[in-house]
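Notes follow the structure.
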Amino acid sequence: MTIELQEKLQDFQTYIDAEEKIEPGDWMPDDYRAHNVRQISQHAHSEVIGMQPEGNWITRAPSLRAKKILLAKIQDEGGHGLYLYSAAETLGISRDELIEQLHEGKAKYSSVFNYPTLNWADIGAIGWLVDGAAVTNQLSLRRTSYGPYARAMFRICNEESFHQRQGYEIMMKMANGTPEQREMAQDALNRWWWPALMMFGPHDNQSQRTHKGMMWKIKRASNDELRQRFIDKTVPQAEFLGLTIPDPDLRWNPDTNQYDTGEINWDEFHQVISGNGPCNRERMDHHKKVHEEGAWVREAAAAFAAKKQAQQN
Ligand code: BYC
């Protein structure tokens, strides 16, 4: 490494340590750029693929009110994907390349969206637990060092906390409903609890990306810290619903002032992130199909933009 590069890296780190934001035109190390492209684009893919399990229930929502809320929520997730793709594009990669990486299996998306939504209670559980986990992570990402990513997070967090509350409202209704509805709510909690915990990623001592992510302040809290934060706020919410968290080892620890839990099934996690979860194939096939079907829309939009540009010149 040249002395000049060494100095640049040092200045960059000093700037980050002073809590300054890095902006698109600024000099940045190649690894910093790549780390952000990976994380932001995977985040964007998660938002967009995450529309599928919920979209499955739009036509079967139990009332017009529930349908309108679900439609608005899913549309919000699409919007989050768009802000995030735009943030990733400011790092010099095109949307087409990002989608190609997703289709080729080079880019990941959150493991949690590879589980099926079997009934209406799952829509409640997704809002409560999946959006609840997502917002726990995303609140910390409002302080991420890359400016466009941090700014996208502010808007996304406001919407995600509404999503969390709409999910909790569904759970309240079901948990206080008929015995069958209560049973459905408990069953949904049983199936979504562990996948929600897996969203935070591997334990800190297994997480290869954390060191650099924290050094560059891309990541502002570790996987285990965020997971614990989520557990500590969610367990009392389950108690309020009168539902049982499906973890026989879960107990309050007065010494640490937090909940102790059982171990996540990491084999299942690794299976799901390597493409072998219950719905991985279905999710990707669907994304590829609709992407292909939407080619004419992209072509028309590009032609319109080119025409406008020509008129302005
Ligand atoms: N699923 O070293 P690690 C939403 C990967 S969606 C899949 O700890 P890092 C919503 C990880 O990428 C919100 N892959 O990595 C939408 C890495 O693989 P690569 C989604 C996972 O980056 C619709 C490897 O495992 N939120 O709100 O330090 C409806 C080792 O991990 C997972 C985000 O995307 C996983 N669960 O930490 C409802 C947040 N966990 O890339 C709701 C942004 C780990 O080396 N992302 N991996 O091939 C992050 O905060 C971080 O990237 C992670 C992982 C905490 C996910």
Side-chain angles (χ1 to χ4, degrees), residues 34-57 70 72-81 83-84 87-88 101-102 105-115 117 122-144 146 149-150 152-153 156-157 159-164 166-167 192 194-216 218-227 230 264 266 268-277 280 283:
H35 199 112
N36 267 298
V37 168
R38 177 193 62 89
Q39 180 167 325
I40 301 170
S41 67
Q42 293 188 175
H43 196 159
H45 299 323
S46 304
E47 299 281 0
V48 171
I49 297 285
M51 296 166 80
Q52 291 188 37
E54 290 179 297
N56 196 22
W57 279 87
L70 183 60
K73 179 198 189 291
I74 297 172
Q75 205 169 354
D76 283 351
E77 309 297 0
H80 299 172
Y83 309 150
L84 289 162
Q101 288 175 357
L102 173 69
K106 290 182 188 155
K108 295 187 170 72
Y109 59 89
S110 185
S111 50
V112 77
F113 301 118
N114 293 305
Y115 292 86
T117 39
D122 289 22
I123 300 305
I126 289 184
W128 173 35
L129 301 173
V130 176
D131 286 270
V135 80
T136 306
N137 183 357
Q138 292 170 153
L139 282 170
S140 79
L141 288 172
R142 289 179 308 177
R143 290 172 53 241
T144 191
Y146 187 55
Y149 193 20
M153 280 302 115
I156 290 178
C157 282
E159 292 177 354
E160 298 286 28
S161 39
F162 154 74
H163 296 169
Q164 194 271 351
Q166 68 81 34
W192 289 94
W194 293 105
L197 298 191
M198 291 176 198
M199 285 175 74
F200 295 94
H203 282 312
D204 294 350
N205 58 6
Q206 302 289 318
S207 162
Q208 290 168 0
R209 304 281 195 180
T210 292
H211 172 69
K212 275 198 170 167
M214 300 284 270
M215 178 181 91
W216 282 326
I218 295 170
K219 217 167 159 168
R220 301 309 308 254
S222 76
N223 299 359
D224 285 329
E225 276 170 335
L226 291 170
R227 185 167 18 242
F230 170 72
I264 288 170
W266 293 110
E268 178 180 322
F269 171 78
H270 288 295
Q271 281 296 322
V272 175
I273 69 168
S274 50
N276 303 316
N280 295 59
R283 300 287 183 247

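Along the sequence shown, residues carry numbers from 1. Atoms within each ligand, like the ligands themselves, are counted from 1 in listed order. The shown structure was predicted, so the numbers you read here are calculated from the model rather than taken from an experiment.
By the side-chain contact (heavy atoms from CB on, under 4.5 Å) test, Arg38 is found to be paired with His35, Gln42, Arg209, residues two or more places apart in sequence or in another chain being considered. Asp224 meets the side-chain contact (heavy atoms from CB on, under 4.5 Å) test with His203, Asp204, Ser222, Arg227; sequence neighbours excluded.
For a threshold of 3.5 Å applied to N or O pairs, the pair formed by Met198 and ligand 1 contains at least one separation below that value. In terms of N/O distances under 3.5 Å, ligand 1 is approached by Ser207. Among the atoms of Lys219, some N or O lies under 3.5 angstrom from an N or O of ligand 1.
At least one heavy atom of Pro202 sits closer than 4.0 Å to an atom of ligand 1. His80 does not count as a contact of ligand 1, since none of its heavy atoms falls under 4.0 Å from the ligand. A heavy-atom separation below 4.0 Å is not found between His163 and ligand 1. Within the structure, the closest approach of Glu54 to ligand 1 falls below 4.0 Å when heavy atoms are considered.
Near Gly50, with a cut-off below 4.0 Å to any heavy atom, the atoms of ligand 1 are 23 (C), 29 (C). In summary, the atoms of ligand 1 found under 4.0 Å from a heavy atom of Lys73, numbered by their order in the structure, are 29 (C), 38 (C).
Between the side chains of His163 and Glu160, at least one donor-acceptor pair of N or O atoms lies under 3.5 Å.
The closest donor-acceptor contact from the side chain of Arg283 to the backbone of Tyr115 lies under 3.5 Å.
Distances from atom 24 (C) of ligand 1 to the protein include no heavy-atom value under 4.0 Å. For atom 53 (C) of ligand 1, the protein comes within 4.0 Å by no heavy atom at all.
Minimum heavy-atom separation, Ala44 to Gly81: CB-O, 3.8 Å.
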